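As the structure is a prediction and not an experimental result, all values here were calculated from the model.
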Amino acid sequence: MPKMGAGYGRSVLGILRQRRWLGFTLVTLMFLLLFVRLGIWQLNRLHERRSYNAIISANLAAPAASYTDVVQASATPVVTSALEWRSVEITGRWDLTHQVLLRNRTFQSVNGYEVITPLVPSSGPALLVNRGWIAQGPTSAAPAAVPVPQTGIVTVTAWLRPSQPARPATTLPVGQVLAVNAPSIAVGAPYPVVDGYAILEQEDPAAAGSPTLLPGPEVDDGPHFSYAMQWFLFACVAVVGWWIYLRREADDAPEQLLDRRDELPDSVRLG
């Protein structure tokens, strides 16, 4: 049984007054505050994720709307975060000339590309459409072949997405990009382009040999709650570990050696 009582308390206080224990306590407190802060940060991210999921769920549940009704025609139309994963229907022609390939895309553990093709309506700005995924060729430099979009008028149903942050692509082969950033991809296009893009759901008439369609989003809470609990657990471990080591030293050390008065020189104690 551990020693208890007033003498034991004096022993514990004596240990805590030692320089090394002051340092150990300070470090423990710093880790405690850090772990608690990280746990709160993960809970805040969970709250943001749930707010984002609410927008996505509402957009996915809504029926496909007219492209011109959802993305207002203007000098610089933009797909905002409030429109993310909103399904729209747009009619126009594919523009193969300004098609690009999005590099470093993995689908079912296979490396490849995503095919980004502008769809140009009869009026209003064009929309970049991710037509799907294709596997890379014998090397990572390019795919073996790229499915050509069909000619003529097509009606497309697609999920809207905001533009991704631009990434330099100066060292890539011509026609390849690292991000779907509409302003960068649309440079040189002879028509206005929406600042955003869409992921193809359905094409009418259906095209043979098209890229593999991409799935919709996964709406879940992610790992944030479990990460928060882990950080709070680390905070508890830090406190419990500090207390265990303190009790162990207090139990093992002779009480008379733990009194700071006995550690001082005679000249200081008598003075």
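For the residue pair Asp95/His98, the side-chain donor-acceptor check at 3.5 Å is satisfied. Inspection of the Trp94 and Thr151 side chains reveals no N or O donor paired with an N or O acceptor under 3.5 Å.
Between Leu101 and Val115, the closest side-chain pair of non-hydrogen atoms falls below 4.5 Å. Counting heavy atoms from C-beta outward, Val70 and Leu83 have side chains that approach closer than 4.5 Å. Here the side chains of Leu96 and Pro149 are in contact, with some heavy-atom distance below 4.5 Å. A 4.5 Å side-chain heavy-atom check between Tyr113 and Arg105 finds every atom pair outside the cut-off. In this structure, His224 and His47 have side chains that are not in contact, with every pair of non-hydrogen atoms separated by 4.5 Å or more. Taking the side chain as every heavy atom from C-beta outward, Val154 and Leu119 approach each other to under 4.5 Å.
Nearest approach of Ile55 to Ala82, heavy atoms of both residues: CG2-O, 3.9 Å. Across all their heavy atoms, Ala158 and Ala198 have their closest contact at CB-CB, 3.6 Å. The two residues Ala179 and Pro165 make their nearest non-hydrogen contact at CB-O, 3.3 Å. Of all the heavy atoms in Val194 and Pro125, the pair that sits closest is CG2-CG, 3.7 Å. In terms of heavy atoms, Ser163 sits closest to Ala182 at OG-N, 3.2 Å. Pro143 and Ala135 get closest at one heavy-atom pair: CB-O, 3.5 Å.
Think of Val174 as one node in a network of Ile, Leu, Val, Met, Phe, Trp and Tyr side chains linked at under 4.5 Å; it has no links at all. If you chain together ILVMFWY residues whose side-chain heavy atoms come under 4.5 Å of each other, Leu33 ends up grouped with Leu29, Leu32, Val36, Ile40, Leu43, Leu46, Phe225, Met229, Phe232, Val239. Ile244 belongs to a hydrophobic cluster whose remaining members, ordered by chain and number, are Val240; membership requires side-chain heavy atoms of ILVMFWY residues under 4.5 Å apart, directly or through intermediates. Residue Trp159 shares its hydrophobic cluster (ILVMFWY side chains chained together at separations under 4.5 Å) with Tyr52, Ile56, Leu60, Trp85, Val100, Leu102, Phe107, Val110, Ile116, Val120, Leu128, Trp133, Val177, Val180, Ile185, Tyr191, Val193, Tyr197, Ile199, Leu214, Val219.
Looking at residues two or more places apart in sequence or on another chain, you find a side-chain hydrogen bond (donor to acceptor under 3.5 Å, both in side chains) between Ser87 and Glu201. Under the rule for a ring-ring contact (aromatic ring centres under 6.0 Å, His included), the partners of Trp231 that lie at least two apart in sequence or sit in another chain are Phe35, Phe234. Remark: Asn181 engages Ser184 in a side-chain hydrogen bond (donor to acceptor under 3.5 Å, both in side chains) (not counting sequence neighbours). Considering only residues two or more places apart in sequence or on other chains, Gln150 meets the side-chain hydrogen bond (donor to acceptor under 3.5 Å, both in side chains) condition with Glu203. In this structure Thr157 satisfies the side-chain hydrogen bond (donor to acceptor under 3.5 Å, both in side chains) test with no other residue, sequence neighbours excluded. Remark: Arg161 pairs with Glu84 by the salt bridge (Lys or Arg N to Asp or Glu O under 4.0 Å) rule, at least two apart or across chains.
Among pairs with a residue in residues 165-178, those fulfilling side-chain hydrogen bond (donor to acceptor under 3.5 Å, both in side chains) read Arg103-Gln176, at least two apart in sequence or across chains. Sorted by first and then second residue, the salt bridge (Lys or Arg N to Asp or Glu O under 4.0 Å) pairs with a member in residues 32-55 read Arg49-Asp220, Arg50-Asp221; sequence neighbours excluded.
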Evaluate the criterion side-chain contact (heavy atoms from CB on, under 4.5 Å) for residue pair Val156 and Leu200; output intermediate values, then yes/no. CA-CA 7 Å; Val156 162; Leu200 182 64; 3.3 Å; yes
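We find the OG1-CD1 distance between Thr155 and Ile90 to be 9.5 Å, quoted to the nearest 0.5 Å. To the nearest 0.5 Å, atoms CG (Leu160) and OG1 (Thr80) are separated by 9.0 Å. Rounded to the nearest 0.5 angstrom, Thr91 OG1 and Asp204 CG are separated by 9.0 Å.
When hydrophobic clusters are built by joining Ile, Leu, Val, Met, Phe, Trp and Tyr residues whose side-chain heavy atoms come closer than 4.5 Å, directly or via intermediates, Phe24 is not grouped with Phe31.
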